[in-house]
K.L.:
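After the structure tokens below, expect a handful of questions from me.
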Amino acid sequence: MSRLCFINSRTDKTIYGFGATNTYWDVAAADSRVLTIDRDVTVQNQLRIEGGSTLTVSGNRTATLSGAGGSIFNAGFMNANPSFGNTLNYVISGAVGLDALSTAPVDVFNMAISGTLSLNGETLRTGNTGTITVGGTGTLNCGTGLVARYGALVANFVMSPGASIVVGSAAGITASGATGNIQTDTRTFPSTGNYTYTSSVAQVTGSGLPGTVAQLNAVNTPGVTLSGAVTVAGVVNLNNGFLALNGNGLTLGSAATFTRTAPGHVITFNGTVEAAVAKTAIAAPFTFHIGTATEYLPATVNPVSASDFNAGVFSPASSNAVPGGPAFAPADLVKFVNAIWKVDRTSGTGDADLTLGWTTALEGSSFTNYNDATVAMSRYNGTVWTPFIRNSGSNATNTVTATFNTFSPFLLGPVNLTLPVSFTAFNAVLENGRVRLNWSAQETDNLSHYELERSVNNSGFTKMRLVEAKRSGSTNAYLEFDAELLKGAHLYRVVAVGKDGDRRYSNTIRLNVSGRRLINILLNGDAAQLGIRFTGVEQGTYQLNVISAAGQVVYSRMLVHDGNDQTQLFRLAQSLPAGVYNVVLRGEGMQLNQSFVR
């Protein structure tokens with residue numbers, strides 16, 4: 001098959017016509033020559049401007065690149081808009097790429113992409129009110145390339161409804177400014193467009209991604225982070241790609257599908273920052289492809305009637321189902337998968353089967369040895385973890401299914417297990433020469449008692465006292481004091497002891513005791529001046545409040561104490577009525593109180 005090429009390399013030339021369509025295999029200019037396009041042409045393979053040559057135009061002309069593997073190479077100057085009434089416009093109807101060996105930007109006036117154009121790291125420019133348009137059947141594959149402006153006048157970029165863009169910039173696509181793949185003056189990204197992110201570096205979607213899109217894909221990327229909440233009407237596809245929500249919701253419409261190819265999933269939690277994947281109108285089994293930064297932890301729901309659900313997952317697990325919340329006691333954690341699934345139904349009623357999947361990396365040492373009939377699921381009801389139940393499960397395929405009609409956080413462990421207690425808070429503070437210890441816990445009838453333990457100067461924990469459990473079936477609070485203090489480091493923890501001897505530990509709190517801490521109140525004759533004597537109080541900034549018997553703060557100030565034993569004087573209002581007042585001094589990890597009568 002013969003192929004007609006137009007090549008000028010010895011003299012400046014105007015391209016001449018060939019046949020009814022002026023179709024060429026290649027069009028090239030070389031050796032610093034000028035090639036003028038004075039008619040519409042079709043290039044089936046390559047448009048090549050090299051050796052410092054110039055491509056210019058006479059009249060308003062269109063160059064169509066129709067080849068299946070065509071390219072545009074520029075090592076010269078492409079003058080797309082030399083004067084009024086003279087513009088060089090392009091149509092990309094084939095699969096065309098900017099040649100990665102180009103040494104200069106590819107300049108166009110208007111370009112319409114109905115096929116595929118790959119930038120291959122090069123820069124495509126328009127200007128002087130020109131527009132680059134990606135048509136409804138077209139795809140712009142940006143990679144690390146740019147779409148930018150030449151000249152002083154406005155450059156425009158438009159994605160038509162149904163158009164596709166492949167984004168490779170770390171900054172994604174932006175609504176304005178000189179970041180991201182698209183850097184024209186005006187940018188149109190449609191809500192019916194298809195957006196794919198792929199890169200060798202971490203990316204953000206960018207401020208240009210609409211709040212609603214037809215498709216959102218993460219392909220061959222170490223991670224894409226949503227810059228804002230987004231609703232997907234058509235397809236979410238994660239192909240060797242991770243999508244991090246970073247506090248932004250991802251909603252899949254009623255007709256949307258969710259696919260993934262390992263490795264790849266949605267990361268729903270960023271530390272304690274929570275977000276979820278939501279899906280509307282689920283009437284058949286639907287899998288949420290979710291996980292942590294390192295583990296794939298899918299959740300599949302199968303409701304008896306159409307329902308809306310959202311799902312997320314975080315690790316490590318916490319006893320109150322809150323990310324960053326109190327850890328489970330080590331004796332409990334070995335029985336669990338160290339993750340919490342937050343699966344909620346936002347619309348709909350009736351039963352739904354819930355299937356959770358996990359990785360062996362998160363299995364506790366006891367859980368690893370459970371047989372298929374043992375693995376089960378517990379739901380957190382806001383107060384306690386309910387008994388672990390199951391329909392079916394496999395510790396070989398790492399899946400378990402159970403049926404629920406009420407939804408909230410879920411945990412995996414052994415069937416029929418009931419946790420006797422979950423600590424919700426434990427605090428310790430130095431207060432007037434003694435340690436105030438208070439904790440709260442969610443309890444069941446399986447709890448026997450608490451043991452309060454202390455370690456002084458790394459001497460090992462010993463039991464201070466036994467505290468009987470209230471066992472009211474809800475959250476209970478406890479208060480104890482330690483007045484037998486020694487100088488040095490004091491560590492405290494609470495042990496919850498089950499009726500079966502099971503022991504569960506709170507978090508450990510460390511306090512440094514330098515000696516007995518006191519504040520003494522000194523009053524002058526008319527009690528208008530208050531003197532406070534500091535003894536054994538550490539250097540620092542403290543909040544001083546004088547509080548009436550009715551609980552009203554009548555005097556308040558911040559004070560800086562240098563750590564030395566000393567007396568500081570403060571003048572109270574003459575109008576302060578007679579009565580009992582409490583002086584409260586608060587600092588980090590301590591509170592001192594003393595009353596006086598005026």
K.L.:
Look only at the side chain of S378 and the backbone of T386, and say whether a donor-acceptor pair between them is shorter than 3.5 Å.
P.N.:
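Indeed, once roles are kept as given, a pair shorter than 3.5 Å links the two residues.
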K.L.:
Short question: side chain of K279, backbone of G253 - any donor-acceptor pair under 3.5 Å?
P.N.:
yes
K.L.:
Would a 4.5 Å heavy-atom cut-off, applied to side chains only, mark Y380 and V322 as touching?
P.N.:
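In short, these two side chains do not touch, never coming nearer than 4.5 Å.
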K.L.:
Find the distance between CG (L243) and CZ (R260) and round it off to the nearest 0.5 Å.
P.N.:
13.0 Å
K.L.:
Between T424 and Q442, does any side-chain donor sit less than 3.5 Å from a side-chain acceptor?
P.N.:
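No, Q442 and T424 have no side-chain donor paired with an acceptor closer than 3.5 Å.
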K.L.:
Distance check, rounded to the nearest 0.5 Å: T259 atom OG1 versus L238 atom CG?
P.N.:
7.0 Å
K.L.:
Would you say that F426 contacts L437 through its side chain, given a criterion of any heavy-atom pair below 4.5 Å between the two side chains?
P.N.:
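Yes. Closest side-chain heavy atoms under 4.5 Å.
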K.L.:
Got a second to check how far H561's NE2 is from T541's OG1, nearest 0.5 Å?
P.N.:
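One finds 11.0 Å between NE2 of H561 and OG1 of T541.
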K.L.:
Could you tell me the separation between the CZ atom of F388 and the CG atom of L411, rounded to the nearest 0.5 Å?
P.N.:
4.0 Å
K.L.:
Once you round to the nearest 0.5 Å, how far does CZ of F314 lie from CD1 of I340?
P.N.:
5.0 Å
K.L.:
Is there a donor-acceptor contact under 3.5 Å from the side chain of Y370 to the main chain of N395?
P.N.:
no
K.L.:
Would you find a donor on one side and an acceptor on the other, under 3.5 Å apart, between the side chain of R345 and the backbone of G350?
P.N.:
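A pair under 3.5 Å: yes.
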K.L.:
Do we see a donor-acceptor contact under 3.5 Å between the side chains of N391 and T401?
P.N.:
no
K.L.:
Minimum heavy-atom separation for A175 and S207, please, with both atom names.
P.N.:
N-OG, 3.0 Å
K.L.:
Keeping R390 on the side-chain end and V375 on the backbone end, is there a donor-acceptor pair under 3.5 Å?
P.N.:
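Confirmed, R390 side chain pairs with V375 backbone.
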K.L.:
Should the ring pair H289 and Y296 be called parallel, tilted or perpendicular, given that the plane angle runs from 0 to 90° and is split at 30 and 60?
P.N.:
parallel
K.L.:
With distance as the sole criterion, is a donor-acceptor pair present between the side chains of T280 and D308 under 3.5 Å?
P.N.:
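No pair is found: no donor N or O on one side chain lies under 3.5 Å from an acceptor on the other.
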K.L.:
Which heavy-atom pair separates L511 from V429 by the least distance, and what is that distance?
P.N.:
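The pair with the smallest heavy-atom distance is CD1-N, 4.1 Å.
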K.L.:
Does a side-chain heavy-atom distance below 4.5 Å link T261 with N240?
P.N.:
no
K.L.:
Side chain to side chain contact (heavy atoms under 4.5 Å, CB included) for V277 and T268? Distances and angles first, verdict last.
P.N.:
CA-CA 7 Å; V277 180; T268 54; 4.2 Å; yes
K.L.:
Tell me the closest heavy-atom pair linking I509 and A428, and the distance in Å.
P.N.:
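In this case the closest contact between I509 and A428 is CD1-N, 3.5 Å.
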K.L.:
Decide ring-ring contact (aromatic ring centres under 6.0 Å, His included) for F404 and F410; before the verdict, give the C-alpha distance in whole Å, the side-chain angles of both, and the deciding distance to 0.1 Å.
P.N.:
CA-CA 11 Å; F404 297 91; F410 295 91; 4.8 Å; yes
K.L.:
Distance check, rounded to the nearest 0.5 Å: N270 atom CG versus N248 atom CG?
P.N.:
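One gets 10.5 Å once the value is rounded to the nearest 0.5 Å.
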K.L.:
Does the pair E468 and L466 meet the rule for a side chain to side chain contact (heavy atoms under 4.5 Å, CB included), with working shown?
P.N.:
CA-CA 7 Å; E468 289 295 336; L466 183 148; 3.5 Å; yes
K.L.:
K342 and E274: side chain to side chain contact (heavy atoms under 4.5 Å, CB included), yes or no, with the steps?
P.N.:
CA-CA 10 Å; K342 301 194 76 171; E274 180 177 356; 3.3 Å; yes
K.L.:
Side-chain contact test, heavy atoms from C-beta onward, threshold under 4.5 Å: evaluate it for L356 versus V337 and give yes or no.
P.N.:
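Answer no - side chains too far apart.
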K.L.:
Does S227 reach the main-chain N or O of V204 with its side chain, forming a donor-acceptor pair under 3.5 Å?
P.N.:
no
K.L.:
Does some side-chain heavy atom of F288 sit less than 4.5 Å from a side-chain heavy atom of V266?
P.N.:
no
K.L.:
Over all heavy atoms of both residues, which pair between A284 and P303 is shortest? Give the atoms and the distance, please.
P.N.:
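Scanning both residues completely, I find the closest heavy atoms to be O-CD, 4.4 Å.
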K.L.:
Would you call the rings of Y478 and W439 parallel, tilted or perpendicular, where under 30° means parallel and over 60° means perpendicular?
P.N.:
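Aromatic pair Y478/W439 classed parallel.
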K.L.:
Answer yes or no: is there a donor N or O on one side and an acceptor on the other, between the side chain of S305 and the main chain of G348, under 3.5 Å?
P.N.:
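A pair under 3.5 Å: no.
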K.L.:
Does K470 reach the main-chain N or O of A477 with its side chain, forming a donor-acceptor pair under 3.5 Å?
P.N.:
yes
K.L.:
Just so I know, are the side chains of E453 and Y505 near enough to count as touching, which here means a heavy-atom distance under 4.5 Å?
P.N.:
yes
K.L.:
Without swapping roles, check the side chain of T198 against the backbone of V219 for a donor-acceptor pair under 3.5 Å.
P.N.:
yes
K.L.:
Salt bridge or not between R471 and E443? Use side-chain N to carboxylate O under 4.0 Å.
P.N.:
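Salt bridge: no.
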K.L.:
Testing the basics here: between S455 and G460, what is the closest heavy-atom pair and its distance to 0.1 Å?
P.N.:
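Nearest pair, atom of S455 first, then G460: OG-N, 3.3 Å.
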K.L.:
Heavy atoms, side chains only, cut-off 4.5 Å: are L226 and N246 in contact?
P.N.:
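L226 vs N246: side chains apart.
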K.L.:
Parallel, tilted or perpendicular, judged at 30° and 60°: which one describes the rings of W358 and F367?
P.N.:
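Aromatic pair W358/F367 classed perpendicular.
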K.L.:
For I282 and S307: C-alpha separation, side-chain torsions, deciding distance, then whether side chain to side chain contact (heavy atoms under 4.5 Å, CB included) applies.
P.N.:
CA-CA 5 Å; I282 299 175; S307 302; 5.5 Å; no
K.L.:
Considering non-hydrogen atoms only, spot the tightest contact between F336 and G413 and give its length.
P.N.:
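Closest approach of F336 to G413, heavy atoms only: CD2-CA, 3.9 Å.
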K.L.:
Validate the cation-pi geometry between R493 and F461: distance from NZ or CZ to the six-membered ring centre under 6.0 Å, angle to the ring axis within 45°.
P.N.:
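Flagged: R493 positioned over aromatic ring of F461.
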K.L.:
Sub-3.5 Å donor-acceptor pair from the side chain of H490 to the main-chain atoms of G488, do we have one?
P.N.:
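At least one qualifying donor-acceptor pair exists.
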K.L.:
Quick check: F407 with F309 (ring centres under 6.0 Å apart)?
P.N.:
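Yes, the ring centres sit under 6.0 Å apart.
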K.L.:
Using side-chain heavy atoms (C-beta onward) and a distance below 4.5 Å, is H265 in contact with F242?
P.N.:
yes
